[in-house]
Visitor: 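Pasting in a structure now, in structure tokens, and then I'll have a few things to ask.
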Amino acid sequence: YVWGNVLPVMKKTDFNLINLETTLTRSVKQVSKTFNFKALPDRVECLTLANISVVNLANNHILDYTEEGLLETIATLKHQHIEYTGAGYNSADAEKAVRLTCKEISLGILGLTDNEPGWKAGRHHPGTNYVDIDNAHDRDAALTAIQNLKREVNCCIVSIHWGPNMRIKPSKKFIAFAHAMIEHGADIIHGHSAHIFQGIEIYRDKLILYDTGDFVDDYSVDPLLRNDRSFFFICSITKEGIRSLQLVPVLIDNFQVNLAAGEDYQWCIHRMQQLSKEFGTEVSNSGEVVFRNRLESEKPASVIE
């Protein structure tokens with residue numbers, strides 16, 4: 001139900017990555033906060049049905065039901081052979097990147113968050129891969145991890161849950177950190193947390209999605225920011241780099257995502273064109289972002305989407 005008519009699109013891709021901003025648990029041990037998110041563990045079938053291979057757990061809801069909820073979530077994902085990054089049994093597990101190979105292209109996915117500093121994993125206790133962007137030690141550790149991962153894979157993806165809700169544009173500090181992550185080896189930055197999408201930047205022929213917005217959630221809709229409108233982002237990758245990005249506008253309604261049409265489609269495209277233009281990125285009326293580099297003239301042996 002939750003995937004609506006976007007499900008056939010999701011099934012056609014080689015590999016899907018999401019930010020899983022909920023727990024999969026039966027725990028009733030809530031932490032004290034405004035919103036506590038959970039689904040019963042059997043709802044993991046929604047993820048397997050939608051061809052989701054990897055989930056980011058580095059966010060501000062994965063410990064909503066204490067360490068018990070986190071650990072049951074991890075066990076549930078493992079049972080369904082869904083890889084996770086960004087949180088874990090201890091700091092080593094939380095900092096561990098997912099590595100996989102698809103169509104002979106090696107991928108590395110690393111999860112980070114600047115939310116909930118008290119949830120940072122330790123040597124002997126569960127938690128998230130927390131990074132304080134204002135802290136030089138944290139920044140250097142994250143950049144070193146990215147640099148090391150890139151040495152081992154063709155494509156390095158950083159999935160990062162950062163910043164406050166309903167922010168239309170990334171701050172200068174976030175832009176600087178995104179650039180630093182690219183300079184240290186990241187090929188794609190998969191940003192999320194604002195609940196609304198932000199502009200796209202192509203920096204050094206690499207892809208920065210500062211915020212991808214919501215895909216399925218039950219938040220009340222802001223009539224101006226329209227957090228019920230977003231995209232499914234389809235990225236084509238070769239061993240040599242990113243070839244293209246296709247934006248598929250979507251609309252969330254009644255806990256379900258569907259392909260956007262009419263005014264909703266036009267609004268999504270126009271807003272993304274406006275936001276991305278500030279970064280010098282062109283988005284066509286059909287939602288295509290083409291990487292105009294050496295790859296245009298190549299005929300790659302392998303492309304994954």
Visitor: Following the transitive rule for hydrophobic clusters with a side-chain heavy-atom cut-off under 4.5 Å over Ile, Leu, Val, Met, Phe, Trp and Tyr, establish whether Ile157 and Ile242 coincide in one cluster.
Guide: yes

Visitor: Once salt bridge (charged side-chain N to carboxylate O under 4.0 Å, His left out) is applied, do any residues pair with Lys33, and if so which ones, sequence neighbours excluded?
Guide: Asp64

Visitor: State whether the side chain of Thr85 and the backbone N or O of Gly111 hold a donor-acceptor pair below 3.5 Å, judged by distance alone.
Guide: yes

Visitor: Is there a side-chain contact between Leu17 and Ser53 in this structure, where contact means two heavy atoms from C-beta onward sitting under 4.5 Å apart?
Guide: no

Visitor: Residues two or more places apart in sequence or in another chain: which of them pass salt bridge (charged side-chain N to carboxylate O under 4.0 Å, His left out) with Arg226?
Guide: Asp228

Visitor: Could you tell me whether the side chain of Asn56 and the main chain of Gly86 form a donor-acceptor pair under 3.5 Å?
Guide: no

Visitor: Do Phe174 and Leu110 belong to the same hydrophobic cluster, where Ile, Leu, Val, Met, Phe, Trp and Tyr are linked whenever their side-chain heavy atoms lie under 4.5 Å apart, directly or via other members?
Guide: yes

Visitor: Assess the residue pair Ile62 and Thr23 against the criterion (side chain to side chain contact (heavy atoms under 4.5 Å, CB included)); give the C-alpha distance rounded to whole Å, side-chain angles, the decisive distance to 0.1 Å, and a yes or no.
Guide: CA-CA 5 Å; Ile62 194 58; Thr23 53; 4.2 Å; yes

Visitor: Thr113 and Asn59: side-chain hydrogen bond (donor to acceptor under 3.5 Å, both in side chains), yes or no, with the steps?
Guide: CA-CA 6 Å; Thr113 183; Asn59 57 56; over 6 Å; no

Visitor: Please answer whether the main-chain N or O of Ala92 pairs with a side-chain N or O of Asn90 as donor and acceptor at a distance below 3.5 Å.
Guide: yes

Visitor: Check the pair Tyr210, Phe279 against ring pair (Phe, Tyr, Trp, His ring centres under 6.0 Å), reporting the backbone distance first and the verdict last.
Guide: CA-CA 11 Å; Tyr210 282 103; Phe279 294 106; 5.0 Å; yes

Visitor: For Glu72, give me all partners under side chain to side chain donor-acceptor pair (under 3.5 Å), at least two apart in sequence or on another chain.
Guide: Thr25, Arg26

Visitor: Applying the 4.5 Å side-chain criterion to the ILVMFWY set and letting contacts propagate, would Val55 and Leu7 be lumped into a single cluster?
Guide: yes

Visitor: Would you say Arg243's side chain and Ser236's backbone share a donor-acceptor pair under 3.5 angstrom?
Guide: no

Visitor: May I have all residue pairs that pass ring-ring contact (aromatic ring centres under 6.0 Å, His included) and include part of residues 68-122, sequence neighbours excluded?
Guide: none

Visitor: Ignoring hydrogens and geometry, is there a side-chain-to-backbone donor-acceptor pair from Ser91 to Ala121 under 3.5 Å?
Guide: no

Visitor: Can you name the closest pair of heavy atoms from Cys155 and Ile237 and give their distance?
Guide: SG-CD1, 4.0 Å

Visitor: Any side-chain to backbone donor/acceptor pair from Asn36 onto Val31? Under 3.5 Å, distance only.
Guide: yes

Visitor: Between Ser230 and Asp214, is there a donor-acceptor pair closer than 3.5 Å when you use the side chain of the first and the backbone of the second?
Guide: yes

Visitor: Hydrophobic clustering (ILVMFWY, side-chain heavy atoms < 4.5 Å, transitive) - are Leu112 and Ile188 grouped together?
Guide: no

Visitor: Determine, stepwise, if the pair Thr73 / Leu71 fulfils side chain to side chain contact (heavy atoms under 4.5 Å, CB included).
Guide: CA-CA 5 Å; Thr73 301; Leu71 297 180; over 6 Å; no

Visitor: Tell me the side chain to side chain donor-acceptor pair (under 3.5 Å) pairs involving residues 162-188, sequence neighbours left out?
Guide: Asp134-Lys173, Lys150-Asp187, Lys169-Glu278, His179-Glu201, Glu183-Tyr203, Asp187-Lys206

Visitor: With a 4.5 Å heavy-atom cut-off, do Glu67 and Lys29 have their side chains touching?
Guide: no

Visitor: Quick check on the hydrophobic clustering: are Phe37 and Phe255 connected, directly or via other members, by side-chain heavy-atom contacts under 4.5 Å?
Guide: no

Visitor: Among side-chain atoms of Ser159 and His190, is any donor-acceptor pair under 3.5 angstrom?
Guide: yes

Visitor: Is there a donor-acceptor contact under 3.5 Å from the side chain of Thr101 to the main chain of Ile105?
Guide: no

Visitor: Do side-chain atoms of Asn16 reach the backbone of Asn51 as a donor and acceptor pair under 3.5 angstrom?
Guide: yes

Visitor: Show every side chain to side chain donor-acceptor pair (under 3.5 Å) that has at least one partner inside residues 260-277, sequence neighbours left out.
Guide: Arg229-Asp264, His270-Gln274, Gln273-Asn285

Visitor: Quick one: does any side-chain atom of Thr144 pair with a main-chain N or O of Ala141 as donor and acceptor, under 3.5 Å?
Guide: no

